[in-house]
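All values derive from a computational prediction rather than experimental measurement. Letters go in sequence order (proteins before strands), and every chain restarts at 1.
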There are 2 protein chains.
Amino acid sequence: MGRVSDAKEKLMKAVTELIWTGSYGSTTIDQICERAGVKKGSFYYFFDSKAALAEEAIESAWEEFRPKLDRVFSPSLPPLERIHRFCEFEYEEQLGLQREFGHVLGCPLCTLGTEVSTQEAGLRQKVEDIMDQSRKYLETTIRDAHAEGVIRAPDAAAKARTIYAFSEGLMTQARIRNDAEVLREMERGILDLLGAKSVEAVAA
Amino acid sequence: MGRVSDAKEKLMKAVTELIWTGSYGSTTIDQICERAGVKKGSFYYFFDSKAALAEEAIESAWEEFRPKLDRVFSPSLPPLERIHRFCEFEYEEQLGLQREFGHVLGCPLCTLGTEVSTQEAGLRQKVEDIMDQSRKYLETTIRDAHAEGVIRAPDAAAKARTIYAFSEGLMTQARIRNDAEVLREMERGILDLLGAKSVEAVAA
DNA sequence: GCGTTAGTGGACTATTTAGTCAACAATAAA
DNA sequence: TTTATTGTTGACTAAATAGTCCACTAACGC
């Protein structure tokens with residue numbers, strides 16, 4: 001029934017890239033349409049506004065991103081190994097982005113959330129929701145580490161909030177300074193926040 | 001000689017507030033002029049562009065902010081007391097902003113830096129410079145703490161970078177979630193990153 | 001093929017925005 | 001008081017932008 005189209009997907013992909021490589025406020029609907037190869041009439045056929053598109057777009061991007069985190073945070077791995085892989089993953093991802101776009105881009109959720117939080121209630125809430133979900137990876141890991149006695153963290157949720165803020169803080173610094181090397185401090189910092197011995201200390 | 005004016009200052013104040021309570025991209029030159037009570041002709045008399053104004057404005061805001069940090073980080077205080085006061089200060093400031101503007105606003109440097117880093121090279125650099133300066137407060141404190149033997153931190157600059165990223169990360173979370181309570185985790189986290197005993201642990 | 005539904009194109013309007021300009025107004029030195 | 005300098009004003013243009021509208025096209029069931 002009816003005509004088929006991938007315009008919706010193309011628009012979501014376009015806006016995600018534009019926000020990430022630039023900013024929400026500076027990307028216009030015309031720009032989004034042009035990059036997606038979609039006419040404005042079609043844009044308004046699918047979405048009411050830029051904000052509505054952005055909301056669906058980050059949800060969709062999150063769904064695509066999730067499997068990667070599933071691999072990084074596989075419960076089959078020892079908790080601290082998950083942390084290690086997470087830090088590696090973030091670093092490598094930003095290096096790739098820098099190669100591809102000529103700039104370290106940091107975390108798109110953080111970028112978008114920071115920018116719109118006072119102005120776009122719906123978007124802000126969406127960002128918060130996704131952040132809550134992604135923080136769960138850390139929380140589970142911390143709970144496992146505590147259960148194994150590798151660290152002491154009776155309140156895994158609280159520790160996860162702290163560590164999440166720290167990792168996002170580093171990502172933000174990496175974006176602002178356009179320097180992925182900043183992220184090399186991530187694992188050391190997380191282990192400190194966990195009260196865990198460092199990899200080197202364990203080896204020694 | 002010539003006519004006197006405070007239009008420049010009014011414009012800088014207006015843009016700072018607009019960026020902080022909203023965002024850089026969404027504030028227009030007309031809006032800035034209106035809030036400052038200054039006509040556009042005067043705007044262009046003093047500044048070439050919004051970016052040029054923003055650059056001068058954050059420099060000026062930083063000069064105004066610095067004395068507050070000087071008090072918080074007074075070398076006359078024990079290092080960990082400075083950290084304590086810093087965390088209190090950040091928390092109280094955000095509470096005040098929430099009361100005044102109806103929203104937790106986080107750190108203006110971070111907000112602006114994140115938004116423009118890929119698009120406005122001059123502004124990005126300015127933000128980086130000011131961040132470097134403000135990080136020095138932490139660095140000095142850490143160096144002092146190390147010298148006093150309260151913590152072990154042979155590389156004070158590196159620790160300062162880590163802790164700065166963490167505190168900015170929490171501020172960003174506070175803005176995105178519109179919740180200053182997030183900041184209550186700051187001191188605990190910083191002490192963990194420093195490898196210092198907690199206040200409670202010391203008391204016990 | 002026919003009708004129904006889903007999507008497209010592109011021309012159109014109205015508004016907002018950036019940026020310009022020249023006449024005017026205030027200050028202070030001569 | 002004259003004059004040079006500094007800042008102000010508001011009207012102006014050109015461009016960018018959001019949003020609308022409707023005739024048209026593609027897919028599919030019948």
Side-chain angles (χ1 to χ4, degrees), chain A residues 1-60 112 115-116 118-124, chain B residues 1-60 112 115-116 118-124:
Chain A
M1 74 261 294
R3 200 166 169 173
V4 297
S5 167
D6 60 345
K8 201 170 170 180
E9 286 68 38
K10 286 194 284 190
L11 285 168
M12 293 197 291
K13 187 165 184 193
V15 81
T16 303
E17 269 190 35
L18 285 168
I19 291 173
W20 207 7
T21 58
S23 67
Y24 177 82
S26 71
T27 85
T28 67
I29 292 177
D30 282 331
Q31 238 182 307
I32 297 165
C33 290
E34 197 193 335
R35 169 171 301 220
V38 164
K39 291 292 183 294
K40 219 168 12 183
S42 295
F43 176 98
Y44 282 105
Y45 177 76
F46 288 110
F47 303 101
D48 283 343
S49 63
K50 185 171 73 168
L53 165 62
E55 242 175 272
E56 283 205 44
I58 60 169
E59 176 69 38
S60 158
L112 179 61
E115 184 176 347
V116 305
T118 63
Q119 296 170 307
E120 296 279 355
L123 255 180
R124 191 208 66 75
Chain B
M1 70 241 315
R3 199 167 174 172
V4 297
S5 166
D6 60 345
K8 202 171 169 177
E9 286 67 39
K10 287 194 284 190
L11 286 167
M12 293 196 291
K13 187 165 185 195
V15 81
T16 302
E17 269 190 35
L18 286 168
I19 290 174
W20 207 7
T21 59
S23 67
Y24 177 82
S26 70
T27 86
T28 67
I29 292 175
D30 283 330
Q31 237 182 308
I32 297 165
C33 290
E34 197 193 338
R35 167 170 302 217
V38 165
K39 292 293 184 294
K40 211 158 33 170
S42 294
F43 175 97
Y44 282 105
Y45 178 76
F46 288 111
F47 303 100
D48 284 344
S49 62
K50 186 171 72 169
L53 166 60
E55 242 175 273
E56 282 204 45
I58 60 169
E59 176 68 39
S60 159
L112 179 61
E115 185 176 347
V116 306
T118 62
Q119 295 170 307
E120 296 278 356
L123 257 180
R124 191 208 66 76

If you check every side-chain atom of B:Asp30, which of C:dG7, D:dT17, C:dT17 has the closest atom?
C:dT17
For the pair made of CD1 in B:Ile32 and P in C:dT16, what is the distance, rounded to whole Å?
17 Å
5'-most by nearest nucleotide on DNA chain C - B:Ser26 or B:Gly2
B:Ser26
Round to the nearest Å and state the distance from A:Glu34 atom CD to D:dT17 atom C1'.
14 Å
How close do B:Leu112 and B:Leu123 get, counting heavy atoms only, and between which atoms?
CD2-CD2, 3.9 Å
Give me the atom names and distance for the closest heavy-atom approach of A:Cys33 to A:Phe43.
SG-CB, 3.7 Å
Residue-phosphate contact under 4.0 Å: B:Ser5 side-chain N/O, D:dT8 OP1/OP2
yes
Separation of atom CZ in A:Phe43 from atom C1' in D:dA18, rounded to whole Å:
10 Å
Quick one: closest heavy-atom pair of B:Lys50 and B:Thr27, and the distance?
NZ-O, 3.0 Å
Just N and O in the side chain of A:Ser42: are any of them under 4.0 Å from OP1 or OP2 of C:dT8?
yes
Atom NZ of B:Lys10 and atom C1' of D:dT8 are separated, to the nearest Å, by 11 Å
Whole angstrom is fine here: how far is it from CG in B:Asp6 over to P in C:dT27?
12 Å
Is there a side-chain polar atom (N or O) of A:Ser49 under 4.0 Å from OP1 or OP2 of D:dG19?
no
Rounded to the nearest Å, what distance is computed from the CD1 atom of residue A:Ile29 to the C1' atom of nucleotide D:dA16?
13 Å
Under 3.5 Å, is there any donor-acceptor pair linking the side chain of A:Lys40 to the base of C:dG10?
no
Least distance between heavy atoms, A:Val15 atom then A:Ala54 atom:
CG1-CA, 4.5 Å
At under 4.0 Å, does any side-chain N or O of B:Lys39 touch on OP1 or OP2 of D:dT8?
no
Of the listed D:dT6, D:dA18, C:dG7, the closest approach to the A:Arg3 side chain comes from C:dG7
On a heavy-atom basis, which atom in A:Ser26 and which in A:Ser23 lie closest, and how many Å separate them?
OG-OG, 2.8 Å
Using a cut-off of 4.0 Å on non-hydrogen atoms, how would the nucleic acid contact of A:Phe46 be classed: base, sugar-phosphate, or nothing?
sugar-phosphate
note: A:Glu9, atom CD; C:dT8, atom P; distance rounded to Å ~ 10 Å
Specify the separation, in whole Å, of atom OH of B:Tyr44 and atom P of C:dT17.
12 Å
Given C:dT8, D:dA27, C:dA18, identify the nucleotide with an atom nearest to the side chain of A:Tyr45.
C:dT8
